[in-house]
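Here's the structure, in structure tokens; my notes come after.
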Amino acid sequence: MDPSEVEFLAEKELVKIIPNFNLDKLYLIGGDLGPFNPGLPLYVPVWLALNLKQRQKCRVVPPDWMDVEKLEEMRELERNAATFTPAPCPYYMELTKLLLNHASDNIPKADEIRTLVKDIWDTRIAKLRLSADSFITQQEAHAKLDNLTLMEINTIRGFLLESLNCMYKLRSNLQPGSSKGPLADY
Amino acid sequence: MFVTDIRKEFYEAVADQRVALLVASDIDALCACRILQALFQCDQVQYTLIPVAGWQDLGTAFLEHKDQFKYFVLINCGANVDLLELLQPDDDSIFFICDTHRPVDVVNVYNDTQIKLLIKQDDDLGVPSYDEIFRDDDEDEEGGDSGNESDEGTEPSGKRRRFDEGSVERRIERQREKREWEARRREILFDYEQYEYHGTSAAMMFFELAWVLTKDTKDMLWWAIIGLTDQWVHDKVTHMKYVTDIATMQRHVSRHNHRNEDEENSLSIDCMRISFEYDLRLTLYQHWSLYESISNSCYTCCHFKLWTLNGQKKLQEFLADMGLPLKQVRQKFTSMDMSIKENLREVIEESSNKYGMKDIRIQTFGVHFGFKNRFLASDMVHATTALLESTEKDENETDNFIKALDSLSRSNLERLHSGMDLAKKKLIAIQQTVASCICTNLILSQGPFLYCYLMEGTPDVKLFSKPMALTLLSKYLLRAFIQSTRNKRCRLLPLIMAAPKDVEKGTVLVVGIPPESETSDKKNFFGRAFEKAAESTSSRTLHDHFDTSIIELKTEDRSKFLDALITLLS
């Protein structure tokens, strides 16, 4: 899976906006989008929020978890725990990038938020790498990881699967009398 | 006719239509175009962008597109000629013209159906009233003329000739009146159209439209500021007008700055911040070394007379007076010591007052986004002009236009930096040419004007085959000449400058600029003068440029054209 595909899936998440125009209810395949009235907040998918923002038709309200104190707490929790703590949001990394690139003037303390989210991401990815490393070297059969987001899974997926494949190849070539033969190539 | 409510009469009329944008090749037009493009993108209006460099381009573009489009928006072109006669459009084509060229042609002002001028009615226009120019003649009983622009009233009075004494007298009276009215009309039109000058920036007009629609952003404000600064850099408006317009922009800047920022919720460093600066008049000094900038800026170069040895010494004295070591001053501005950079502006202002340069600081705006990027409005104007008129090989005019347009957005910083490098080369070339012209006395006084011709082999003469570069060179040259000549009379003369334009076709580009003075109103009479001189000597000229004071002339006809001009103007 490409990171841009993950971002595409993340754009379905709902975010609160305050429009400045009038429009009746929209009936789309994915669901209904409520009537737009100027000054009244409503929830829309991120893809629509960004499009409206770029056309200067709305103001984006940052999600609840995108707050400096909350993110600082989460960062501390993440650093202290050995396993993964629940992520701020299933798509926190993509939403941070999208919202801070296109709507940073509506989000207070945008630079600090960016740094905090990056810190949380770095800690989680470090834990993930350690875990993958031990999984491969100790040739374990199965593992269970809670609270991972799709982007993190996607990051490790390529490496983990490739390395497990290589390990399998090496192991099957070491066993004598294997049906595949020592010079098998995949 | 003038558009009073720009939102209803212009924007809402074109918002659900397909529009053709015909944009002239100067920075003000580029900025106005950018603002309009951003507005169109917000409302998803379909448009086609067509850069035009002169009247012929305008004609061809119109012919190509007249079947597909009903609405045409002309930016910085088209107001100063009778557009309907030039283009011969169908009756349902509507033209919106936002142009800084004045005087606006009277037919454009008084046409109620097809031509809408996006110009403020009080923008220093002085248009003659309707009755003075047009006349509906329905009093004449003998089936005389009716309608506009009556010709010499010697049309025969028709078949119903009455042999009445009284009526013959009345007829003679009317004819005499008509002749008098004709003569007055010719005089009024001559006075009105004699001088060419510039009005409020087109970019500012479109920014006001954005403001009325409450869709104005800092990007658009910055483009409007660049459009205004372009008028100042290329000396198109008087200092008073520039300062008044700066005050208008300053109000918008404060409004935008107070909107978002306060103590607790500071804005991200990547957001654009525009600030009012009372900054030095040294071109590109923050992206160059201070020494280079002082040596190549017109103002300082002319005051110190840096083409003489004495001048160089004075510059060294000036730097020593401020306590700036030469090593520091010659390196890139960003690497200078912080202690020197802190009070640089005040220190330079104090020292320059001692050396007779009272206006070293000028009111302008600067922008700042991200950690690295700080630009002054004049830096951007120079960079974009250099890109627009770049004479590198394999580049045609449309490519240059698109590159210059791109360099105005924040995401194309490498293009902007390459533009600044080109601008530095251009400025160095201009200073060297000015120095050589003055030292070799290439400027000749021809009586009513000064004249200078750049020979073909002059270094960098290719750069001056473009109108804006040549105009900039002429303005610098005139200022330098005024400083260096002892002849008091020569200081009040205008300057005509000629440079080879196209070696294969054998043409030169001729530019005329008004005389330089403190209270100059920047009104240029060379447009009409060139036309008349070309007619009287039947020289092969091409009056293609939107500024009528810039023409192309065959090299062989140069001398007789000049002689005709001398007789015309003396």
Side-chain angles (χ1 to χ4, degrees), chain A residues 15-23 26 28 33 36-40 44 47-72 93 95-119, chain B residues 7 11-12 15-16 34-47 206-207 209-224 252-253 255-274 367-373 409-411 413:
Chain A
V15 73
K16 196 198 275 194
I17 63 162
I18 303 178
N20 60 18
F21 61 100
N22 259 319
L23 194 59
L26 287 176
L28 304 178
L33 292 175
F36 294 85
N37 294 309
L40 296 181
V44 294
W47 57 267
L48 182 62
L50 292 181
N51 181 287
L52 290 177
K53 174 77 189 155
Q54 283 170 335
R55 288 161 59 188
Q56 296 177 54
K57 288 192 177 316
C58 78
R59 198 160 66 83
V60 171
V61 174
D64 292 328
W65 55 266
M66 208 179 258
D67 173 61
V68 175
E69 282 107 21
K70 289 209 186 107
L71 287 174
E72 273 178 351
M93 194 63 189
L95 285 187
T96 312
K97 172 183 167 281
L98 288 169
L99 291 179
L100 289 181
N101 279 352
H102 297 282
S104 61
D105 48 342
N106 291 146
I107 299 175
K109 299 198 183 154
D111 293 333
E112 292 170 22
I113 290 179
R114 213 190 282 257
T115 321
L116 286 167
V117 168
K118 183 91 174 65
D119 286 340
Chain B
R7 170 163 52 168
Y11 198 71
E12 288 178 9
D16 46 1
R34 259 343 217 123
I35 297 179
L36 198 57
Q37 277 181 314
L39 285 175
F40 281 168
Q41 269 165 13
C42 282
D43 288 316
Q44 300 184 327
V45 177
Q46 296 180 355
Y47 67 93
F206 282 118
F207 179 74
L209 168 66
W211 181 41
V212 166
L213 294 169
T214 57
K215 289 214 162 95
D216 55 327
T217 58
K218 282 200 181 138
D219 279 305
M220 292 186 198
L221 178 56
W222 181 237
W223 290 327
H252 288 291
V253 167
R255 181 171 56 89
H256 274 268
N257 281 343
H258 288 158
R259 201 194 268 182
N260 287 332
E261 206 156 330
D262 57 21
E263 284 302 314
E264 287 182 4
N265 302 328
S266 57
L267 226 40
S268 160
I269 194 78
D270 286 325
C271 285
M272 192 181 223
R273 287 174 170 82
I274 303 179
V367 77
H368 153 224
F369 50 91
F371 286 104
K372 260 204 312 187
N373 308 307
S409 23
R410 272 192 282 156
S411 42
L413 287 175

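The analysis underlying the following values was restricted to heavy atoms, covering all of them including side chains, and did not include hydrogens, waters or symmetry mates. A, B, ... follow the sequence lines: proteins, then strands. Residue 1 opens every chain.
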Handout entry: Any A:Gln54 side-chain heavy atom under 4.5 Å of B:Gln41 side chain
Key = no
Practice task
Kindly check if the number of other-residue, nucleotide or ligand heavy atoms within 6.0 Å of CZ (A:Arg114) is above 12?
Solution key: yes
Handout entry: Greater than 12 external heavy atoms within 6.0 Å of B:Asp16's CG
Key = yes
Problem - Exceeds 12 heavy-atom contacts within 6.0 angstrom, atom CH2 of A:Trp65 - result: yes
Exercise for the section: List the atom of A:Gln56, the atom of B:Asp216, and the distance in Å for their closest heavy-atom pair. Expected result: OE1-N, 4.2 Å
Fill in the blank from the handout: Closest non-hydrogen atoms of B:Lys215 and A:Arg55, given as atom of the first, atom of the second and distance, are CE-O, 4.1 Å
